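This chain uses plain numbering: 1 for the first residue, then up along the sequence. Just so it is clear, the model here is predicted, and its values are computed rather than measured. Side chains included, hydrogens not; waters and symmetry mates left out as well; all remaining heavy atoms used.
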Amino acid sequence: MSQAPDGINEGNVTGWMVAQLPEIVTPLTFTLIAGGRSNLTFRVEDAEGKAWALRRPPLHHVLPTAHDMSREYRLIHSLGPAGIPVPVTAGLCTDEAVNERSFYVMEFVEGHILRSAPEAEAAFDVATRRAVGDHMAETLAALHDVDPDAVGLGDLARHEGYIERQLKRWRGQYDQMQVEGVDHGGLVERVSDELARRIPKQQRTSVVHGDYRMDNVVLADDGTVRAILDWEICTLGDPLADLGLLMVYWADPTDAMAVLGLSPTTAPGFSTRAEILERYGSASDLDISGVGYYTAFGYWKLACILQGVYARYVAGAGAGDQGSVDGYPAQVRRLFELAAEALETVP
């Protein structure tokens with residue numbers, strides 16, 4: 001029997017899963033499939049090849065209010081019956097004596113998770129690539145159409161002031177994560193102030209995923225969305241923030257720079273940003289004419305996040321290896337510039 005990876009107490013978790021899912025045939029095999037500072041995801045496979053996914057907090061640097069497994073489980077458990085494509089939940093364990101931290105188990109959804117253009121070309125033909133964009137836009141519109149109160153999520157977070165709170169949070173983090181020798185010449189402050197000055201009226205309070213993009217969905221062979229993953233930062237708020245962030249990550253083939261590397265959507269056949277917007281607009285009753293503001297906010301927020309990552313590496317969190325983040329200052333500046341350019345499109 002292979003040794004279970006760090007983060008899994010093999011005996012305890014096996015016993016808990018057998019009690020929760022009597023159909024399981026032991027022994028179980030645990031494989032880490034996603035990790036880092038975010039929540040850890042393991043593939044759990046039984047002796048007959050049936051598979052589940054197990055999610056738990058990271059092993060280190062866990063803040064008391066972060067990585068709330070009960071909250072994440074509650075979201076998925078509530079949205080499934082509302083018709084949103086999410087994995088089927090199998091159980092939540094809050095007894096930390098079992099595995100050090102709370103964890104939950106859900107269906108392991110098989111399918112395609114795309115992170116690059118070559119992966120997209122290998123997975124789908126050109127016609128199916130076009131269908132992916134339509135399905136992702138329609139799925140996001142369906143999520144935003146869910147009434148939080150109707151699915152028992154009305155108390156998940158405050159309903160109003162989402163953008164204001166986000167601006168305050170990320171501007172505060174950016175200010176605390178300054179790095180000596182890196183100066184963007186007041187660009188950050190100018191964009192931040194302009195975003196704060198021009199906050200649009202929130203049209204609806206919706207479930208906001210917070211990181212809706214290609215590599216956080218599982219796609220079927222026909223390009224439909226089988227499951228939305230990674231609900232870690234989901235909250236209630238302004239639905240157009242999700243749409244704006246999707247525009248940030250959905251690179252057109254003509255883009256000089258895809259955000260954070262090679263985007264799957266630069267492969268031939270994918271819908272353009274404009275076509276994604278059109279499809280979302282046709283599936284939603286929201287006014288999306290001001291989406292440029294939310295796209296600007298998405299670029300700005302991502303830049304603040306990357307600044308934090310870079311600052312932590314410079315401070316030693318990267319164990320002395322900064323090779324992978326040397327280009328971050330230039331990327332951060334470019335993201336702030338893109339935010340400023342997007343703001344110029346806002347009526």
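Residues Phe270 and Arg130 fail the side-chain proximity criterion, which asks for heavy atoms closer than 4.5 Å. Side-chain contact between Phe30 and Val13 is present, with at least one heavy-atom pair separated by less than 4.5 Å. The shortest side-chain heavy-atom distance between Val291 and Tyr280 does not fall under the 4.5 Å cut-off. Side-chain contact between Asn39 and Met69 is present, with heavy atoms from C-beta onward closer than 4.5 Å. You'll find the side chain of Phe336 reaches within 4.5 Å of the side chain of Trp300, heavy atoms only. Between Asn9 and Glu100, every side-chain heavy-atom pair lies at or beyond the 4.5 Å cut-off. Taking 4.5 Å as the limit, every side-chain heavy atom of Val86 sits out of range of all side-chain heavy atoms of Val109. A heavy-atom distance below 4.5 Å is not found between the side chains of Ile288 and Tyr294.
Rounding to the nearest 0.5 Å places CD1 of Ile163 at 5.5 Å from OH of Tyr293. Rounding to the nearest 0.5 Å places CZ of Arg101 at 13.5 Å from SG of Cys93. Atoms CG and CZ, from Leu167 and Arg197 in turn, are 13.0 Å apart once rounded to the nearest 0.5 Å. For the atom pair CG of Leu277 and OG1 of Thr272, the computed distance is 8.5 Å after rounding to the nearest 0.5 Å. In this structure, CG on Asn99 lies 11.0 Å from CD on Glu10, to the nearest 0.5 angstrom. Atom-to-atom distance recorded for Arg71:CZ and Glu232:CD is 10.0 Å, nearest 0.5 angstrom.
Using a distance-only test at 3.5 Å, with no hydrogens or angles considered, a donor-acceptor pair links the side chain of Arg273 to the main chain of Met247. With hydrogens and angles ignored, the 3.5 Å screen pairs a side-chain donor or acceptor of Arg190 with a backbone N or O of Gly185. The backbone N or O of Ala251 sits less than 3.5 Å from a side-chain atom of Thr265, completing a donor-acceptor pair. Under a 3.5 Å cut-off, the side chain of Glu275 and the backbone N or O of Ser271 do not form any donor-acceptor pair. Looking only at distances, a side-chain donor or acceptor of Gln202 sits under 3.5 Å from a matching main-chain atom of His159. Not one N or O on the side chain of Thr14 forms a donor-acceptor pair closer than 3.5 Å with the backbone of Gly11. At distances below 3.5 Å, at least one donor-acceptor pair connects side-chain atoms of Arg333 with backbone N or O atoms of His184. The main-chain N or O of Glu138 is never found under 3.5 Å from a side-chain atom of Arg279 such that the two would form a donor-acceptor pair.
Of the listed residues (Tyr73, Trp16, Trp52), just one forms a ring pair (Phe, Tyr, Trp, His ring centres under 6.0 Å) with Phe103, and that residue is Trp16. With Val207 as reference, Leu153 is the one residue of Leu156, Leu153, Thr235 to meet the side-chain contact (heavy atoms from CB on, under 4.5 Å) rule. The salt bridge (Lys or Arg N to Asp or Glu O under 4.0 Å) test with Arg204 singles out one residue from Asp287, Asp285, Asp242, and that residue is Asp285.
A salt bridge is defined here as a Lys NZ or Arg NE, NH1 or NH2 lying under 4.0 Å from an Asp or Glu carboxylate O, and Lys168 with Glu164 fails to meet this definition. No salt bridge links Asp68 with Arg74; every basic N to acidic carboxylate O contact stays at or beyond 4.0 Å. Looking at Arg165 and Asp238, no side-chain N of the basic residue comes within less than 4.0 Å of a carboxylate O on the acidic one, giving no salt bridge. Salt-bridge formation is not detected for the pair Arg56/Glu96: no Lys NZ or Arg NE/NH1/NH2 atom is positioned less than 4.0 Å from an Asp or Glu carboxylate oxygen. The pair Asp230-Arg55 meets the salt-bridge criterion, with a side-chain N (NZ, NE, NH1 or NH2) lying under 4.0 Å from an Asp/Glu carboxylate O. Using a 4.0 Å cut-off between charged nitrogen and carboxylate oxygen, Arg198 and Glu344 do not count as a salt-bridge pair.
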Dump the intermediate steps for side-chain contact (heavy atoms from CB on, under 4.5 Å) on His144 and Leu240, then the final yes or no.
CA-CA 9 Å; His144 293 158; Leu240 293 188; 5.9 Å; no
Step by step, would you call Tyr249 with Asp211 a side-chain contact (heavy atoms from CB on, under 4.5 Å)?
CA-CA 10 Å; Tyr249 281 106; Asp211 201 17; 4.1 Å; yes
Apply side-chain contact (heavy atoms from CB on, under 4.5 Å) to residues Glu121 and Arg129 and explain how you reach the verdict.
CA-CA 8 Å; Glu121 293 176 7; Arg129 282 174 230 157; 3.9 Å; yes
Let's go through Phe108 and Val44 carefully: what are the C-alpha distance in whole Å and the side-chain angles of both, what is the deciding distance for side-chain contact (heavy atoms from CB on, under 4.5 Å) to 0.1 Å, and is it a yes or a no?
CA-CA 8 Å; Phe108 192 96; Val44 185; over 6 Å; no
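Under the 4.5 Å side-chain contact rule for hydrophobic residues, Ile113 and Leu140 do not share a cluster. Under the 4.5 Å side-chain heavy-atom criterion for ILVMFWY residues, a single connected hydrophobic cluster contains both Met17 and Phe42. Linking ILVMFWY residues whenever their side-chain heavy atoms come closer than 4.5 Å, directly or via other members, leaves Val309 and Met177 in distinct clusters. One hydrophobic cluster holds both Ile8 and Ile24 under the rule that ILVMFWY side chains link at heavy-atom gaps under 4.5 Å. Criterion: ILVMFWY side-chain heavy atoms under 4.5 Å apart, direct or through other members. Under it, Leu338 and Val332 are part of a common hydrophobic cluster.
Leu92 and Ser70 get closest at one heavy-atom pair: CD2-OG, 3.7 Å. Shown here for Gln331 and Leu306, the closest heavy-atom pair between the two residues is OE1-CD1, 4.4 Å. Taking each heavy atom of Ala303 and Leu335 in turn, the nearest pair found is CB-CB, 3.7 Å.
Environment of CG in Asp6: sparse, with no more than 12 heavy atoms of neighbouring residues, nucleotides or ligands closer than 6.0 Å. Counting heavy-atom neighbours within 6.0 Å of Glu278 CD, excluding the residue itself, gives a total of 12 or less. Heavy-atom neighbours of His77 NE2 from other residues, nucleotides or ligands within 6.0 Å: at or below the threshold of 12. The number of heavy atoms from other shown groups lying within 6.0 Å of NZ (Lys50) is above 12.
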